[in-house]
Structure formats: C-alpha cells, structure tokens
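Structure, as structure tokens:
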Amino acid sequence: MFDFLIDGFGVALTPLNLGLAFLGAVLGTLFGALPGIGPINGIAILMPLAYTLGLPAESALILLAGVYTGAEYGGRMSSILLNVPGDAGAVMTTLDGHPLAKKGLAGPALGLSAVSSFVGATIAIIGLTLFAPLLAEVAVMFGPAEFFALMIFAFASMSVMMGKDPIKTAIGAVLGVMIAMVGVDSGTGVLRYTFGMAELYDGIDFVVMIIGLFAISEILLMLEHANRNDANDEIPPLGRVMVSLKEVLYCKWTMLRCGLIGFIVGVLPGTGASVAGAVAYTTEKRISDKDGTFGTGDMRGLAAPEAANNASAAGSFVPMLTLGIPGSGTTAVLLGALMLYNITPGPMMFSERPEVAGGLIASLYIGNVVLLALNLPLAGLFAKVLTIPRWVLVPGIAILAFTGVYQLHSDLMAIYLMLIIGVFGYLLRKLGFSLAPVILGYVLGGLMEDNLRRALSISGGDVGILWQSGISLGLWIAAALLLVLPWLLPKLLFRKSLDGA
Amino acid sequence: MKLAADRVLGLALIGLAAFAAAHAANLHVPFSYEPVGPKAFPILLSVVLAALSLIMVFRPGENGQWPDKTLSLKLLAVLGVLLVYALLFTRLGFIVTTFFTVLALARLFEATWLKASIAAVLMALGSYYLFTQGLGISLPRGYWLPDFA
C-alpha cells in the first residue's frame with residue numbers, strides 16, 4: 001500500500017530534487033518572513049522560473065511545495081518580532097508571540113514556534129500519507145456529477161469558514177470562475193469574452209493572473225504601509241537563542257491537539273492556514289487557559305496556531321492530490337502549476353503518476369526536517385530579513401514579476417494584462433475581499449463547467465443526475481448545511497435559552 | 001441611503017453581471033453535441049453574481065480606509081513607473097529600463113538619491129546576469145539602441 005511512498009523517496013532523494021527541496025525551504029522561509037510576501041506570492045514569483053528552467057513536473061512541484069511549507073515556517077518571524085503577521089496563516093501567532101518577544105523571550109519564542117511547526121507538520125504529513133491513498137480509492141468512483149457537487153461543497157465551506165464576510169468570499173469566488181470563462185470554449189470552439197483579442201483566445205494565462213493579482217497588488221499595498229507609521233520596525237533583542245526542553249514539553253499536548261485540528265481544517269476543501277490557526281487558538285484557549293494567561297505571552301498560545309497552520313498546509317494537499325480540489329489558496333496555485341505541465345491532479349494520479357504524488361509526499365518529510373534544522377539555529381539570521389528596506393524589496397518584486405511574465409511568450413500584452421489584473425487585485429483587497437477565493441474560483445472554474453456539462457451530456461440534459469448518487473446527494477446536503485448552520489445555530493441556541501428561562 | 005464603497009461596488013458588479021449575461025446570450029453557436037452548450041454556465045454565474053451583489057447593496061460592510069490625496073498620487077506614480085517600464089521594456093532593453101525603474105521605485109519608497117542609484121546599478125546588472133547567465137532566460141536587449149554585440 002505504501003509502495004508509492006517508497007518510490008517517492010526514490011524520486012525525492014535524487015541530488016537534484018534534494019537540492020530543490022532545500023532551496024525551496026530556504027526561499028520559502030525568507031518569503032514567509034518578509035511581511036506581505038506570503039506563500040502564494042513566493043510561489044507566484046518562482047513558478048515561471050521553475051517552468052523556464054525545464055524542470056520535470058515532480059521537481060518543480062517539490063521546489064514549490066518546499067516554498068509553501070517554508071513560508072508557513074517563516075510567517076511566524078515578523079508575527080513574533082514585529083507584531084505584523086508575515087502571511088495570513090500567522091495572524092493568530094501575534095497574539096502570544098509578540099508579548100513573549102516583549103518579555104525578552106523572542107529567541108525561545110522563535111525556537112518553540114519552530115518546534116511546534118515541525119510537530120504540526122509531521123502529524124499532518126503522516127495523515128496525508130495514510131489518508132490520501134484511501135481517499136483516492138474512493139474518489140475513483142466519482143463521476144462528473146459528484147465532482148460538480150464536490151466543487152459546490154468546496155465553495156460553500158470556503159464561504160463559511162473564511163473571513164468575516166461570506167458574501168464577499170462568494171462574490172470573489174464567482175468573479176474567479178467568470179475570469180476562467182475567458183477564451184475558447186473547449187466543448188464547441190466558441191470564443192467567449194475575448195473581445196477580438198487573439199492574446200485572450202487561450203484564456204487569461206495562469207502565471208499572468210497569479211503575478212498580477214498577488215505581486216503587483218502587493219507593491220501597491222506596500223506603498224500604503226510605508227506611509228503609515230503605526231508599524232514598529234524595531235526588532236527586539238532575541239534573548240537566549242534556544243528553547244529549553246522543559247518549555248517544549250510544557251506545550252506537548254497543545255502541539256498534538258492543534259496539529260490534528262490543523263490537519264482536519266486543511267483537508268476541508270477551501271479552508272487554509274488562517275482558518276486553522278484561528279480554530280486551533282480558540283479551541284486551545286478554551287481547553288487550557290485556566291489562569292487567563294493567553295494573549296499575554298503564554299507559550300501554549302504560541303504553539304497552538306503554529307502547529308495548526310503548518311499542519312493545515314500539509315493537510316490541504318490531501319484534497320488537492322486525490323480529488324484535484326485544492327484545500328487552500330496556495331494549493332490552488334500549486335494545482336495551476338501542475339496544469340501547466342498537463343497533469344490534472346485527481347484520483348488517478350496515485351496510479352498514473354506515482355512519481356509526482358509520491359515524490360511530493362516524500363519531499364514533504366525531507367523538507368520538514370530541513371526546515372527544523374534550518375530554523376532552530378538560524379532564526380536570528382532569518383530575522384535579519386525583516387530589516388530589508390522596502391526600497392530594495394519593491395523594485396526586486398517588480399523585476400521578478402516583469403521577467404517572469406515576459407519570458408512566458410516574450411509578449412508585452414501579457415505584461416499590460418498583468419498590470420491591469422494587479423490594479424483589480426488591489427481594489428478588491430481595499431474593498432475587503434480576500435484573494436484566495438478568487439484564485440480558487442479561477443483554478444476550479446473550467447473544471448466546474450466541464451464536469452457540469454459532461455454530467456448533463458450523460459443524462460441527456462436531465463438536471464436530476466446532479467444529485468442522483470449517494471455521494472453527490474451527501475455533498476449537496478453537506479454544502480447546504482454549511483451555508484445554513486452559522487445563521488440557524490445561534491437562533492436555535494437563543495430559543496433554547498429562552499425556554500430554559 | 002448612505003453612499004458606501006460596497007454599494008458602489010455592488011451596483012458595478014450588477015452591471016458586470018448584466019454585461020456578462022448579455023455577452024453569453026449573444027454567443028453564436030453553430031452546432032453543439034451536448035445539451036448545455038457554452039451559454040448556460042456563464043449566464044448562471046451572472047445570475048449568482050447579481051444576486052450576491054444585490055445583497056451587498058442592501059447590507060454593505062464597513063467603508064474601510066481609503067488613501068488620501070498624496071498617497072493616491074504616489075500610487076498613481078508607482079503605476080505610472082510600472083507602465084513606462086512595460087512600454088519601454090523591449091524598446092530600450094532590460095538593463096536600461098530596469099535601472100530607471102529601480103531608481104524611480106526606490107525614490108518613491110523614500111530612499112535617498114545615493115542609495116537609490118546604488119540599488120539601481122546593482123539590481124539592474126545583477127539581475128541581468130543572474131537571469132541570462134545563471135538561468136538561461138533571454139531578455140530584451142532593446143531594439144531602439146544601437147547593436148553593440
């Protein structure tokens with residue numbers, strides 16, 4: 001049953017792939033540490049390079065997955081040291097991480113968070129190894145109708161779990177799906193939304209979309225942050241560098257619990273590290289915060305979100321590898337990267353492309369150890385990244401974005417399109433939208449329409465096929481429950497408390 | 001009714017939905033082997049988008065913080081720099097355009113002239129050699145410039 005993993009280690013341990021896993025881990029930690037540049041930005045910037053270098057699919061995926069997991073490690077740096085989350089997954093890390101740094105315990109805080117990241121990720125990678133092949137076996141039975149229902153479920157769970165504003169999450173997802181409609185319709189060859197521009201016949205290029213949406217809009221947002229003076233750019237002294245064994249053992253149950261929570265949240269399609277961190281922190285606070293120390297620099301309050309966000313990163317590979325449905329915004333980008341190689345992740349990947357699936361999972365094990373080894377002793381060095389001034393960072397992002405997009409087709413049109421998408425992304429972020437649903441919608445949009453149309457072709461146009469099988473009916477019900485419960489539950493509880501009174 | 005950013009956005013999105021639906025409805029499909037065709041899904045999406053936007057028009061969120069005048073000008077300046085970078089990218093070549101872009105961006109992010117110039121020289125030359133020699137990417141040399149090679 002674990003043949004794929006043994007083969008995978010064979011793939012991941014070749015010198016090239018080992019080097020790429022290492023490079024990805026280092027770059028990812030750096031990208032994660034830089035405020036504003038999270039895993040998606042890092043992957044967006046590196047993806048075109050990986051593609052041009054002519055790396056085989058599994059090698060490119062190993063590099064990018066290394067960046068992803070590395071960024072989850074790196075995101076904690078600026079949360080702890082500057083009280084500014086390095087990426088969305090590290091928001092909850094600021095709550096207890098920064099108070100610890102203020103107490104002069106920045107060094108142990110960095111060490112502890114590295115250990116809890118490692119524990120969380122390890123739990124989730126083991127979970128991934130156990131569950132992914134099982135889920136793939138179930139997923140083989142999925143037909144187009146089931147996949148369509150599954151995507152509806154993914155969007156529903158994302159709308160409910162992500163952010164304060166479910167309506168905006170849903171609008172973002174719909175906009176993403178609509179952007180995916182641009183180009184030649186694969187079923188009939190009809191041109192949709194191309195407005196006579198030949199450049200749009202193949203649709204809006206994935207790399208252009210990602211770099212515009214994330215990198216260019218980030219440049220504009222950084223300008224705003226540079227002009228606001230509420231951020232304190234002074235790095236507190238690290239204090240003693242290593243975390244003691246006692247402190248680690250004090251948090252062991254927290255790490256194990258939150259690693260598990262993070263894995264489960266990560267597996268749910270559509271919800272990523274930020275949700276995992278929040279759920280884990282609030283749960284842990286309820287369980288162990290007896291003295292009200294959470295939020296004032298409690299070690300457990302730091303370990304909880306860090307174990308969870310790293311666990312969710314690995315967990316979100318489960319639906320991506322087995323169902324082809326990304327578990328988070330970042331895996332949506334990785335899914336798109338795989339599609340550039342003409343690999344459509346899904347239930348068949350474990351049997352048809354075992355080197356990709358197994359190699360990736362094996363490289364996660366390796367990368368996780370590399371990351372711990374790098375992050376424990378070198379935390380101080382990585383923390384230096386935070387002092388890179390914006391006037392170096394921003395031109396650097398601009399250069400990478402321009403060359404990345406230009407070298408795709410040596411085409412200026414792509415660069416103009418990237419800038420337009422960048423402004424669009426900036427406006428969306430200013431209006432309180434999260435970009436992950438947009439990218440999820442964009443990546444899934446084409447698949448969603450294909451599956452819907454294929455299902456209806458099978459049934460000859462009868463819509464009933466969409467909920468005829470047990471699996472699809474269950475997914476529809478689950479999706480409906482997800483949408484209704486947050487609204488219904490408080491009312492039910494309220495009535496119960498009235499009856500009790 | 002208070003004019004909130006979300007209301008304006010909602011109305012704009014309803015407009016977009018109407019436009020997208022009209023475009024899809026006017027698609028000319030010569031023949032189709034399947035019952036759905038290319039029109040139905042975009043129209044369905046437009047309906048969903050319009051419905052969601054309508055909810056937002058009636059229940060807008062907070063207005064958020066919008067940039068003031070000086071910041072808006074700076075944002076436009078950054079966009080302008082990037083647009084000029086794109087316009088001249090192939091005409092003046094990678095090294096020259098990158099030099100001026102880094103210089104301008106660094107100045108907009110409040111570096112001194114000295115620091116900005118040093119950054120511009122180092123980043124333009126460094127990235128050129130990294131991309132061309134290290135990664136084997138071909139970059140534009142600039143067809144407006146005389147050919148030195």
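Lettering follows sequence order; numbering is per chain, from 1.
- Residues Leu175(A) and Leu13(B) form a side-chain contact, since some pair of their non-hydrogen atoms from C-beta on lies under 4.5 Å apart.
- When heavy atoms are compared at a cutoff of 4.5 Å, Val78(B) approaches chain A solely by way of its side chain, counted from C-beta outward.
- In this structure, CD1 on Ile420(A) lies 11.0 Å from CG on Leu79(B), to the nearest 0.5 angstrom.
- A heavy-atom distance below 4.5 Å is found between the side chains of Pro42(B) and Glu449(A).
- No side-chain heavy atom of Pro38(B) sits under 4.5 Å from any side-chain heavy atom of Met181(A).
- Below 4.5 Å, heavy atoms of chain A meet heavy atoms from Met123(B), Ser127(B), Phe131(B), all part of residues 122-132 of chain B.
- Taking OH of Tyr416(A) as the reference point, atom CG of Leu82(B) lies at 12.0 Å (rounded to 0.5 Å).
- Note that CG of Leu223(A) is 8.5 Å distant from CD of Glu110(B), once rounded to the nearest 0.5 Å.
- Only the side chain of Val190(A) comes within less than 4.5 Å of a heavy atom in chain B; its backbone stays farther off.
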inquiry  = Working note: Met448(A) + Phe41(B), criterion side chain to side chain contact (heavy atoms under 4.5 Å, CB included); need CA distance, chi angles, decisive distance, verdict.
reply    = CA-CA 9 Å; Met448(A) 202 170 167; Phe41(B) 194 63; 4.2 Å; yes
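- Remark: side-chain polar atoms of Tyr406(A) are not paired, donor with acceptor, to backbone N or O of Leu139(B) under 3.5 angstrom.
- For Leu45(B), the parts lying under 4.5 angstrom from a heavy atom of chain A are both the backbone and the side chain.
- Panel note: side chain His23(B), backbone Arg192(A); no donor-acceptor pair is recorded below 3.5 Å.
- Within the 4.5 angstrom heavy-atom criterion, atoms from both the backbone and the side chain of Tyr85(B) approach chain A.
- From Ile219(A), atom CD1 reaches atom CG of Leu75(B) across 11.5 Å, with rounding to the nearest 0.5 Å.
- The greatest number of non-hydrogen atom pairs below 4.5 Å with chain A, out of Leu103(B), Leu52(B), Leu105(B), is found for Leu52(B).
- For Leu9(B), the part sitting under 4.5 Å from any heavy atom of chain A is the side chain, from C-beta outward, and nothing else.
- The distance from atom CZ of Phe89(B) to atom CG of Leu412(A), rounded to the nearest 0.5 Å, is 8.0 Å.
- The distance from atom OG of Ser53(B) to atom NZ of Lys168(A), rounded to the nearest 0.5 Å, is 11.5 Å.
- Interface with chain A: from residues 111-120 of chain B, residues Ala111(B), Lys115(B), Ala119(B) qualify, criterion being any non-hydrogen pair under 4.5 Å.
- Atom CZ of Arg91(B) has more than 12 neighbouring heavy atoms from other residues, nucleotides or ligands inside a 6.0 Å radius.
- Contact of the Thr101(B) side chain with the Phe402(A) side chain is not registered, since no non-hydrogen atoms from C-beta on lie closer than 4.5 Å.
- Contacts between Ile171(A) and chain B at a heavy-atom distance below 4.5 Å involve backbone atoms as well as side-chain atoms.
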